[in-house]
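Below is one structure; the comments refer to it alone.
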Amino acid sequence: MSSLQMRKKAVRILDKLYQLYTDAHCALRYDSPFQLLVATILSAQCTDVQVNKVTLGLFAKYPSVQDLAEADLYVLEGDIRSTGFYRNKAKSLLGCAQTLISQYNGQVPQTLSELVRLPGVGRKTANVVLGNVFGIPGMVVDTHVKRLSRRFAWTDQQDPVKIERDLCQLLPERHWVQASHLLIFHGRQLCKAPIPLCSQCPLLKECPQRGVDRAN
DNA sequence: ATCCCGAGGG
DNA sequence: CCCTCTGGAT
């Protein structure tokens, strides 16, 4: 199959996903780049519902970057405890806030290379921030995007960086940010690990894995 | 490869 | 009791 045909087929899948999840969006609550950065760091191995519960109080208690930069580490641990991994996350949040104050005039930087230099921020988190608040397109490769991309045969790589590269080559740039949301929604609701609900999936015809759940 | 970690669901 | 949940650092 030519690369053009592969692109068209991939976009067709995205179109179908969009019909299914028209409202797919970032489910984390925030109203500034910094708040999205904080929420995304907290979201590691945690449901977005739980993150939103915590950030509701957190953003009220620490309204500005400066407020968080001056927080006590152990108090902060208590503030975010219910998101899990709270020691690592508290250290990351404090480090981020302090770095933003000392190096970026309190602003969240708008490049991938600067973002991933912040403590607790990897490419996944960086691309969430870039795509959702700065309008800078990027593919967010999390556990869902990785799994679905492999099931769709959009990549055969394991390394998230290589998967990101493959996806950016395959999908038109204008689809990158929304594609990430669509894959995450579909991954949560139907295309689950390890047992996808293929019998309920509207992509049965398009998917190379069609019917893998028929034994279930 | 392994660790960090709690909440909610089966 | 088991598992998963939009990761990142060592």
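Keep in mind it's a predicted model, so treat the numbers as computed, not measured.
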Which nucleotide span of DNA chain C, 5' end to 3' end, has atoms closer than 4.0 Å to non-hydrogen atoms of chain A? C:dC5 to C:dA9

If we take the C1' atom in both B:dA7 and C:dA9, what is their distance in whole Å? 24 Å

Students often get this wrong, so: under 4.0 angstrom with heavy atoms, is A:A193 touching a base, only sugar-phosphate, or nothing? nothing

For A:L20 and A:P202, which heavy atoms make the closest approach, and how far apart are they? CD2-CG, 3.5 Å

Check side chain to side chain contact (heavy atoms under 4.5 Å, CB included) between A:L112 and all other residues, then give those that pass, not counting sequence neighbours. A:V116, A:R123, A:A126, A:N127, A:L130

With sequence neighbours excluded, give me every salt bridge (charged side-chain N to carboxylate O under 4.0 Å, His left out) pair touching residues 59-74 of chain A. A:K61-A:D79

Going by atom types only, do A:T111 and A:E114 share a side-chain donor-acceptor pair under 3.5 Å? yes

Can you give the donor-acceptor pairs under 3.5 Å from side chains of residues 12-19 of chain A to other protein atoms, not counting sequence neighbours?
residue: A:K16; atom: NZ; partner: A:E206; partner atom: OE2; Å: 3.4

For A:S92 and A:G120, which heavy atoms make the closest approach, and how far apart are they? OG-CA, 3.4 Å

Span that lies between the C1' atom of C:dC5 and that of B:dC4, in whole angstrom: 15 Å

Which of residues 32-53 of chain A have a heavy atom under 4.0 Å from DNA chain B? A:Q45, A:Q50, A:K53

For A:T55 and A:Q35, which I'm curious about, is there any donor-acceptor pair between the side chains at under 3.5 Å? no

Same cluster (ILVMFWY, side-chain, under 4.5 Å), A:L58 and A:V129: yes

Do A:Y30 and A:L37 pass the side-chain contact (heavy atoms from CB on, under 4.5 Å) test, and can you show the C-alpha distance, the side-chain angles, and the key distance before you say yes or no? CA-CA 9 Å; A:Y30 62 92; A:L37 178 64; over 6 Å; no

Under a 4.5 Å side-chain heavy-atom rule over Ile, Leu, Val, Met, Phe, Trp and Tyr, are A:L170 and A:L4 clustered together? no

Qualifying salt bridge (charged side-chain N to carboxylate O under 4.0 Å, His left out) pairs with a residue from residues 146-160 of chain A, counting only residues at least two apart or across chains: none

Atom pair CD1 (A:I163) and CH2 (A:W154), whose distance is rounded to the nearest 0.5 Å: 12.5 Å

Close approaches to DNA chain B from residues 107-120 of chain A, in residue order (heavy atom, under 4.0 Å): none

Please report the distance separating the C1' of B:dC5 from the corresponding atom of C:dC3, rounded so that it comes out in whole Å. 15 Å

State whether the side chain of A:K162 and the backbone N or O of A:Q157 hold a donor-acceptor pair below 3.5 Å, judged by distance alone. no

Does any pair with a residue in residues 17-37 of chain A pass salt bridge (charged side-chain N to carboxylate O under 4.0 Å, His left out), and if so which ones, sequence neighbours excluded? none

Please give me every residue in residues 77-100 of chain A whose heavy atoms get under 4.0 Å of an atom in DNA chain B, ordered by residue number. A:R81, A:S82, A:G84, A:F85, A:Y86, A:R87, A:N88

Tell me, please, the opening and closing nucleotides of DNA chain B, 5' to 3', among those with an atom under 4.0 angstrom from a non-hydrogen atom of chain A. B:dC4 to B:dG8

Backbone of A:H144 reached by a side-chain donor or acceptor of A:D142 within 3.5 Å: yes

Could you tell me which non-hydrogen atom of A:V54 sits nearest to which non-hydrogen atom of A:S82, and how far apart they are? CG2-OG, 3.1 Å

Under the salt bridge (Lys or Arg N to Asp or Glu O under 4.0 Å) rule, collect the residues that match up with A:D48, sequence neighbours excluded. A:R188

So which of residues 140-165 of chain A are in contact with DNA chain C, with a heavy-atom cut-off of under 4.0 Å? A:D142, A:T143, A:H144

Short question: side chain of A:Q98, backbone of A:G95 - any donor-acceptor pair under 3.5 Å? no

